[in-house]
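Values below: every heavy atom of this structure, side chains too, minus hydrogens, waters and symmetry copies. Chain letters run A, B, ... following the sequence lines, proteins first, then strands; residues in each count from 1.
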Amino acid sequence: MARVKFLCDADRCIECNACVTACKNEHEVPWGINRRRVVTINDGKPGERSVSMACMHCTDAPCAAVCPVSCFYTTADGVVLHSKDLCIGCGYCFYACPFGAPQYPKVGNFGSRGKMDKCTYCAGGPEADSTPAEYAKYGANRLAEGKLPICAEMCSTKSLLAGDGAIIAEIYKERVMKRGYGSGMWRWKTAYADSPTG
Amino acid sequence: MKKPSPALRRRSRNTENRKGVVQMPGSLSTLKAPTLKALCAALALLFVVAQPASAQLSFKPTAEAVQEDKLLNALKEGDKISGRITIPDTNAANLIQPAGRDWRDFHRSKLPVIGGIAILGMLALLAIFLMVRGRIRPESGFSGTKILRFASFERFTHWLTASCFIVLALSGLNISFGRILILPLFGADAFATMSGYAKIAHDYLAFPFMLGVLIMFLIWIKDNIPGKIDWQWLKQGGGIVSKGSHPPAKRFNAGQKGIFWIVIIGGTLMSLSGWYMLFPYLPANVTELQFWTVIHAVIAMLFIAAMLAHIYIGSIGMEGAFDAMGTGEVDLNWAKEHHSLWVEEEQAKGHAPAAGGSHAMPAE
């Protein structure tokens, strides 16, 4: 099976935040949580770049490594998912994640964070595919319907790519060859350092 | 007209800054406006004409683009690549924080080693000590006469702190090692349910624990100031190792003072670091949270190891010691051996039976 990944071509991202909005809408993500966000580096300076940012579904994911209750699992496609039934909201995945992807619904003190929420690569959770129970906890399961993540699907400049890691890496390399420049496959080294296609 | 108009000036500055554009002549202010206008037009034309030719060769609009590799390489320890974000959560502005990898490494590789050496090492030491030295008994046997060592409020404070500590330690160890040791026994669901309750207990019992540490500090600090007599006690090894030599001690001997200060300093560090975790929006910064969790975990392992020694000597390690915190009254002979100066003080105050009152009972 393909190893799916995210790739953000920062030289194409126009910071329209449509990926952020589409994600929130598709999954009815609770108020205060952004599974995807757009970070602008060197804002207002020459060479400014924007990068669309979500869980990268790392190879050898740090969140899964530190979780005290082992609530994470990696699907056959390489998507890192977690069980909200097992999650105890300890915050460890947030400390370990290099990208700040895990978020908690409660901005609560006394350690009450609630169950962690993060990007699912539009692949739902451990519940049966495309059930109301799955939707309520994790949002839509587009992968089960044969569709790619909504953020990448509707990206107007095709900056954000999702799909087979080898294919999207090839697309990016072709772009760099053709236009003669590229600011890098942002976060790939950090997320997929141990990956054969990385 | 000596100077160019503000509009012209602005335009000239913009042109200067643009890469790949011919620089404007330096002595702008000496030129007259019409000349300048003509010059600008000529340059603009030149620029437009020249553009298609140079586009494929050297003109790269993104030549100065920030490069991820360069940013990553330039990062110092604990630094993050961050930018601007349009949502209110300032933590979301961090794009990459490589320190997460170090934190993961700490929890997966270093902490089990630290905890294993501290806790298992201490248990092994205590087992060896028990085998070699056996239970320590009063050498002159029990007198049958009792002396009040800890009043009820002192005992209440001790057990308040102690019971909280035991739950905190077990639930904390569960977070660190439960996944490896307990999860395989019970399965993911039961273990997660148990860990969920353990986490709630950990979060809320922290408060009575902190209160207990504070009260202990206030009521026992006066008896725990290190002095010369403690040095002598330490030089004699507390009289623990060899029989028949009991160095004099006041209410608390050097060993007990050590435990007191371990509890106070350890408890304070645990409370402070725990406070940041209970209120994660105080530091508002993932790097600081990582730092405090590391402090919390390392101190916890050492703290637990030290308390194992304390529990040992207060229960199976020494006969007659548990009464101090059990009923609050200890045998006079036990008190004389371990806290000779304190007994004299109490007798002088009239709080204890007189010296001659003891009739020796055979030691079991």
Interchain contact, [X] with chain B, by part (heavy-atom threshold 4.5 Å):
| X | value |
| --- | --- |
| C87(A) | neither |
| V38(A) | backbone |
| A54(A) | neither |

Do [X] and [Y] have side-chain heavy atoms sitting under 4.5 Å apart?
| X | Y | answer |
| --- | --- | --- |
| R179(B) | P68(A) | no |
| F99(A) | L95(B) | no |
| V66(A) | W103(B) | yes |
| T86(B) | V20(A) | no |
| D60(A) | R104(B) | yes |
| Q97(B) | Y95(A) | no |

Would you give the length of the straight line joining atom [atom1] of [X] to atom [atom2] of [Y], rounded to the nearest 0.5 angstrom?
| X | Y | atom1 | atom2 | answer |
| --- | --- | --- | --- | --- |
| M53(A) | I96(B) | CE | CD1 | 7.0 Å |
| I33(A) | D89(B) | CD1 | CG | 10.5 Å |
| S195(B) | L86(A) | OG | CG | 9.5 Å |

CA sep, side-chain torsions, deciding dist, call: D203(B), R113(A), salt bridge (Lys or Arg N to Asp or Glu O under 4.0 Å): CA-CA 12 Å; D203(B) 288 345; R113(A) 295 179 177 85; over 6 Å; no

Contacting moiety of [X], where chain A heavy atoms sit under 4.5 Å:
| X | answer |
| --- | --- |
| D189(B) | both |
| T287(B) | neither |
| A93(B) | backbone |

Closest heavy-atom pair and its distance - A65(A), R108(B):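 Shortest heavy-atom separation between A65(A) and R108(B) comes out as O-CD, 2.9 Å.
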
Which atom of K199(B) lies closest to which atom of G89(A), heavy atoms considered: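 Reported closest heavy-atom pair: CE-O, 3.3 Å.
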
Choice from [options] maximising heavy atom contacts with chain B below 4.5 Å:
| options | value |
| --- | --- |
| G32(A), C63(A), P62(A), A101(A) | P62(A) |
| G91(A), C71(A), C90(A), S83(A) | C90(A) |
| D85(A), N17(A), V69(A), V51(A) | V69(A) |

Which of L183(B), L71(B), I87(B) touches chain A most, by non-hydrogen pairs under 4.5 Å: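 Top option by heavy-atom pairs under 4.5 Å: I87(B).
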
Candidate pair E48(A) and R84(B), rule salt bridge (Lys or Arg N to Asp or Glu O under 4.0 Å), full reasoning: CA-CA 11 Å; E48(A) 162 191 316; R84(B) 182 185 55 79; 5.5 Å; no

I175(B) vs I88(A), side chain to side chain contact (heavy atoms under 4.5 Å, CB included): CA-CA, chis, key distance, verdict: CA-CA 10 Å; I175(B) 288 284; I88(A) 59 169; 3.7 Å; yes

